[in-house]
Amino acid sequence: MNLTIYGAARQVTGSMHLLQVGQFKILIDCGLDYEKDRNIQANENFPFRPEEIDVVVLTHAHIDHSGNLPTLVRLGFNGQVLCTPPTADLTELLLLDSVNIFMHKADKGRKHRRGKGKFNTAAQPLYLQKHVMDAMDRFVTIGFNRPFRINGDIELTFIPVGHLLGAAAAVFKVNEGGTERSIAFTGDIGRKNYPVLDDPQQLPPVDYLVTESTYGGRLHTKDKTVEQALVETIEKACVKEQGRLIIPAFSIGRTQSLVYSLNKIFSSGLLPPVKVFVDSPMATRATQVFRKYHNLVNQEAQEFYNKQGDEFEFENLEYVESLKDSRQVSNYFEPCIIISSAGMLEGGRIQDHLYYNIQNYYCTILFIGYCAKGTLGHRLLRGDPIVHIKDRELAVYATIKQTDVLSAHGDHQDLLDVVKHQDKTRLKNVFLVHGETSSMQAFADAVESEGYVVTIPEKGIKYELN
Ligand SMILES: [Zn+2]
């Protein structure tokens with residue numbers, strides 16, 4: 001068999017790996033490459049013919065792993081897409097949201113170009129709702145830890161890795177001419193004791209490992225639990241200062257973990273009640289998916305449910321649906337917490353909340369996730385005194401805070417533990433993907449010093465796995 005890393009090679013986005021066994025071609029993930037954001041159409045240029053791929057295996061729903069699937073189907077892929085049941089449901093939500101983002105950008109592009117007599121191809125949607133539905137028709141779901149025969153020679157097992165509901169490592173057992181080999185793709189690896197999600201499960205012993213390395217060389221701060229960090233911030237922002245706390249959060253995953261943590265805080269009386277708005281229709285739909293797969297949330301959340309009922313509902317919590325109601329939130333002058341998307345502040349309802357609150361001394365903005373360079377979130381975090389929101393320059397008087405307690409990625413030590421669990425005498429090579437070059441190098445050094453062979457693969461190079 002052989003392996004070619006096409007995406008997330010020495011970068012974070014656009015995960016896409018090709019595993020070939022004889023003539024049979026398996027694509028592991030088909031993510032959108034944001035690095036091509038300025039020309040989204042570049043995602044159409046697959047380095048193979050889409051109809052050549054026999055099957056796609058999807059590790060989890062995040063758009064950098066799933067976001068280019070409708071393009072693959074639109075351009076001729078006609079096999080099955082294999083993933084866990086929650087991944088199928090969450091992927092549908094995220095792909096439909098991608099279509100909305102494409103349409104929004106196309107509209108903006110048209111307005112910008114109007115009168116210039118030019119057709120802006122860069123702003124054309126990469127795919128439409130119809131293509132998302134065509135892609136979803138190809139999904140076949142497989143539960144965790146249930147070996148599934150792809151064909152007579154290849155068996156696939158999904159192992160839970162935390163990170164996001166439904167997220168899995170894909171472990172393949174391959175029989176090539178009577179010799180059995182195994183290879184695992186970690187997808188993204190989560191962390192232990194994460195609200196709502198189970199801890200990552202150890203992988204079985206394999207011959208080859210393709211692992212993410214996002215947090216290579218970096219450790220999460222561990223001096224506070226999620227609840228301690230939230231209590232501290234809410235107490236200052238909403239109780240002492242009687243102001244409002246805005247938490248930009250991804251609608252899928254991060255918001256549910258946040259809501260559950262707030263539920264625990266308020267129901268245990270750690271803080272006096274504070275009104276909480278979750279202002280994101282997609283978060284409401286994603287929460288339904290979490291309720292549907294309640295058997296997959298961690299034991300603590302299940303016990304909470306048994307004692308106190310729905311972990312995603314509590315007094316003073318309001319899910320905001322309509323745009324009209326969203327605007328009303330800005331007129332709510334009591335202390336409150338507003339959870340809204342998008343996490344990096346690029347688009348979404350969060351922009352309205354910032355527009356009305358960024359000049360308010362009694363407002364705190366708490367970042368709980370990564371903000372890429374070039375985003376409004378990044379500009380606020382680096383301390384820009386004036387920012388551009390909705391065609392206006394606004395001075396920043398709100399307090400800006402950040403915490404990594406809700407990061408959904410394992411850190412350097414968590415990643416190293418995954419490798420160290422593997423038998424040194426059996427594991428032949430560890431391929432690193434999904435990381436900036438410096439993170440990959442730091443992680444490669446650590447893996448090597450533990451006595452394993454490690455490769456930082458080059459994009460498009462075929463590696464023979466014997
Ligand atoms: Zn992910």
Side-chain angles (χ1 to χ4, degrees), residues 5 7-9 11-17 27-35 56-69 81-95 97-98 101 144 158-170 184-192 194-201 203 210-216 218 220 248-258 282-283 286 289-290 293 296 341-344 368-372 375 404 406-412 414-415 418 432-436 439-440 443:
I5 306 297
Q11 66 178 49
V12 173
T13 69
S15 276
M16 186 167 71
H17 321 308
L27 196 66
I28 293 95
D29 288 340
C30 188
L32 203 65
D33 187 337
Y34 305 139
E35 262 112 313
V56 173
V57 172
L58 188 56
T59 59
H60 66 291
H62 281 148
I63 217 74
D64 56 331
H65 293 256
S66 72
N68 212 17
L69 265 173
V81 178
L82 307 178
C83 65
T84 64
T87 294
D89 286 6
L90 295 177
T91 299
E92 183 173 358
L93 287 182
L94 278 160
L95 293 179
D97 188 53
S98 261
I101 295 168
F144 285 119
F158 284 127
I159 307 288
V161 287
H163 184 63
L164 176 67
L165 190 72
F185 294 81
T186 63
D188 287 352
I189 299 170
R191 51 200 292 203
K192 294 183 190 110
Y194 196 82
V196 180
L197 298 179
D198 253 334
D199 288 353
Q201 195 179 304
L203 301 180
V210 181
T211 178
E212 70 126 322
S213 51
T214 318
Y215 272 86
R218 285 181 290 163
H220 292 312
F250 291 107
S251 307
I252 294 181
R254 215 71 64 97
T255 293
Q256 288 72 31
S257 293
L258 195 52
M282 188 156 75
V289 178
F290 276 70
Y293 297 105
L296 294 177
S341 64
M344 298 189 201
I368 57 169
Y370 166 77
C371 289
T375 61
D404 64 0
L406 274 161
S407 163
H409 277 274
D411 67 8
H412 181 87
D414 297 321
L415 295 172
V418 172
L432 305 188
V433 294
H434 204 286
E436 304 294 346
S439 307
M440 280 190 175
F443 189 53

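Ligands are counted one by one from 1 in listed order, and the atoms in each one are counted from 1 as well.
- Checked against the 6.0 Å centroid criterion, the rings of His434 and His17 do not qualify as a close aromatic pair.
- For Asp188, the salt bridge (charged side-chain N to carboxylate O under 4.0 Å, His left out) criterion is met by no residue, not counting sequence neighbours.
- Applying the ring pair (Phe, Tyr, Trp, His ring centres under 6.0 Å) test to Phe443 and every residue at least two apart in sequence or in another chain returns His412.
- A cation-pi arrangement is found for Arg218 relative to Tyr215, the charged atom lying closer than 6.0 Å to the ring centre and inside a 45° cone about the ring normal.
- Put simply, the side chain of Leu296 reaches to within 4.5 Å of the side chain of Leu165, judged on heavy atoms.
- Annotation: protein N, O or S atoms under 2.8 Å of the Zn ion (ligand 1) (waters excluded) comprise His60 NE2, His62 ND1, His163 NE2, Asp188 OD2.
- Annotation: salt bridge (charged side-chain N to carboxylate O under 4.0 Å, His left out) contacts of Asp97 (sequence neighbours excluded): none.
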